[in-house]
Amino acid sequence: MSSQSLGTGRFLWHMAKFRPWIYIADDFLYTAVYCSQLLPGLVAQQAFDALQHGTADPPTIAWLSAAFVGTGIAGAVANTAGITIDNIFRFSVSAVLQRNMLAEILRRPGARALDRSPGEALSVFRDDVEHAENGTDWTIDMFSYGVFAILAMVILVRVNATITIFVFGPLIAIIVVAQIATRRLQLSRAASQVATSRVTGALGEIFGAVQAVQLARAERGVVEHFRQLSETRRKTVLRERAFALLTGSVYWNTVYLGTGMILLLGARAMRDGTFTVGDFALFVSYLGFVTEFSGFIGLFLSQYKQLDVSVARMLALMRGGATNVPTSALLDPTPLDLAGALSGERPAPEVETPARRASGHAAVDTLRRVETTGVTYHFGRATSASERAPGIDDVSLVLRRGELTVVTGRVGAGKTTLLRVLLGLLPCDAGEIRWNDERVDDAATFFVPPRCAYVPQVPRL
């Protein structure tokens, strides 16, 4: 799998495999729901033909009534079970995507945790994950609708092949329109999501800097900036919505034209005596479902094209400009361990702590001495050859057990940077760190509780 890109089809395939049995059960139940809609049409055909031919005796009427009630009950049971399983699958998809993104963000060096404002990141966690959840779940509906359409086509062809062509003919036009609109759908979706992220990010920054805005008397400037962002978002969202409505109207009007042709052909066939009242009732019964299926194909294709934008935004948030984060990090089937944990029925899984390593009679993990030698870290690159990028250079110090060490310096001298490099929250460009005279190769995984504790300048949970 490529480490940089992830196709929509591959993304949906991995999401379906996250909890395969739930996905299969969801497919089975919704296929039963849709296919159960075929039965009332067949019963109606028999009922109207019996009335037309004068053979509707009491036993026949009782049997038809029982068939109507039975199909209704079967559909209701399948629908209830399908909704239950579908909610579990939807939650699983959104939860694992959010969990994997958050884990990758927390895994990065602390000073470079986000390449955007928290509000913009929140937009990805909320909107793009919801779009991915819908796209994955709609594959279930697409499969179930497809099975329903095949069975309906077989039944209708056996009754009248000519009219059946007009039932499913609009599908071809819908698919062609969706393919033509692909690029425009993606561009409008991307612009809308970016504009929404900027508005959300600006809100978070404004609320977090109320005092600074008041002290600087910058209320008017801040409000004007937010107004401009909101206006941009309004235009992009309206543009996306207008294009979606345009393509949707093409989809549905194509279907409605096909529906009109079906009714005209059906009336003509009945006049010619090749089409019974029961056959007409069967076609009318299926017409609504087939119409919904035709329109749904258009919506699904639009959703499929737009999903590529959301997947790219989730990957970009995880990577934060880095190139070493594979796409598999977003798709990892990580156990969520949520069943019963939230309600208190069973405890949440315990967090693993580093095991002590015994060496002779002494425990080597007991702190005696921490030493840094020539530790160096720079933020970015220097703007010119005569200048150095901000950071720390060639810092050496020793921390001994039982001592209280204080690092002092002016604002911007690098005190926080030194601490972050020592804890592995920032990568060490040069130098080394030793714990009890043993070299620490990966400070980020070594300096964790109970070996260390860290309280930042702005404490937060």
| said: So, taking the atom named CD1 in Ile140 and the one named OG1 in Thr31, what distance separates them when rounded to the nearest 0.5 Å? | reply: 9.5 Å
| message | Evaluate Thr139 against Tyr23 for side chain to side chain donor-acceptor pair (under 3.5 Å), listing each step before the verdict. | response | CA-CA 10 Å; Thr139 60; Tyr23 184 82; 2.9 Å; yes
| query | Between Ser36 (side chain) and Val33 (backbone), is there a donor-acceptor pair under 3.5 Å? | reply | yes
| field | Parallel, tilted or perpendicular, as decided by the 30° and 60° cut-offs, for the rings of Tyr34 and Tyr145 | value | parallel
| said: Any non-hydrogen side-chain atom of Thr136 less than 4.5 Å from a side-chain atom of Phe89? | reply: yes
| Any donor-acceptor pair under 3.5 Å from Asn100 side chain to Asp332 backbone | yes
| task | Please say whether more than 12 non-hydrogen atoms of neighbouring residues, nucleotides or ligands are located less than 6.0 Å from CZ in Arg126. | result | yes
| task | Indicate yes or no: at least one non-hydrogen side-chain atom of Leu229 is less than 4.5 angstrom from one of His225. | result | yes
| query | Mind checking whether Tyr304 and Met142 have side chains closer than 4.5 Å, heavy atoms only? | reply | no
| So which heavy atom on Ile88 is nearest to which on Ser92, and how close? | O-OG, 2.8 Å
| remark: Separation between OG1 (Thr196) and CG (Asp127), nearest 0.5 Å, reads 6.5 Å
| query | Going from NZ on Lys17 to CD1 on Ile24, what distance comes out if it is rounded to the nearest 0.5 angstrom? | reply | 12.0 Å
| Is Phe18 close to Leu97 at the side-chain level, that is, under 4.5 Å between some pair of heavy atoms? | no
| Hey, are the side chains of Tyr377 and Cys428 touching, using non-hydrogen atoms and a 4.5 Å cut-off? | no
| Point-to-point distance, once rounded to the nearest 0.5 Å, from CG of Asp26 to CD1 of Ile85 | 7.0 Å
| field | Interatomic distance, Ile22 atom CD1 to Asn87 atom CG [nearest 0.5 angstrom] | value | 11.5 Å
| field | Cys452 to Leu423 - nearest heavy-atom pair and separation | value | SG-CD2, 3.9 Å
| message | Taking atom NZ as the centre, does Lys235 end up with more than 12 heavy-atom neighbours from other residues, nucleotides or ligands that are less than 6.0 angstrom away? | response | no
| field | Residues Phe226, Val199; criterion side-chain contact (heavy atoms from CB on, under 4.5 Å); working and verdict | value | CA-CA 7 Å; Phe226 185 73; Val199 170; 3.9 Å; yes
| query | Rounded to the nearest 0.5 Å, how far does CZ of Arg234 lie from CZ of Arg227? | reply | 10.0 Å
| said: Tell me the closest heavy-atom pair linking Leu317 and Ala121, and the distance in Å. | reply: CD1-CB, 3.9 Å
| field | side-chain contact (heavy atoms from CB on, under 4.5 Å) partner of Met314, chosen from Met101, Arg319, His131 | value | Met101
| Heavy atoms of other groups near Phe28 CZ, more than 12 under 6.0 Å | no
| Partner residues of Arg90 under the side chain to side chain contact (heavy atoms under 4.5 Å, CB included) criterion, sequence neighbours left out | Asp86, Glu133, Asn134, Asp137, Trp138
| field | Check: Phe446 and Ile433 side chains under 4.5 Å, non-hydrogen atoms | value | no
| Do you know which two heavy atoms are closest between Ala444 and Gly424, and how far apart they sit? | CB-O, 3.5 Å
| note | Taken in chain and number order and not counting sequence neighbours, the residues that satisfy salt bridge (Lys or Arg N to Asp or Glu O under 4.0 Å) with Asp128 are Arg313
| request: Check whether any side-chain heavy atom of Phe11 lies under 4.5 Å from a side-chain heavy atom of Leu315, and answer yes or no. | output: no
| query | Closest heavy-atom contact between Leu307 and Ala132? | reply | CD1-CA, 3.5 Å
| said: Using every non-hydrogen atom in the two residues, find where Leu422 and Phe447 come nearest and quote the distance to one decimal. | reply: O-CD1, 3.3 Å
| Trace of the side-chain contact (heavy atoms from CB on, under 4.5 Å) decision for Phe300 with Asp141 | CA-CA 9 Å; Phe300 176 80; Asp141 294 281; over 6 Å; no
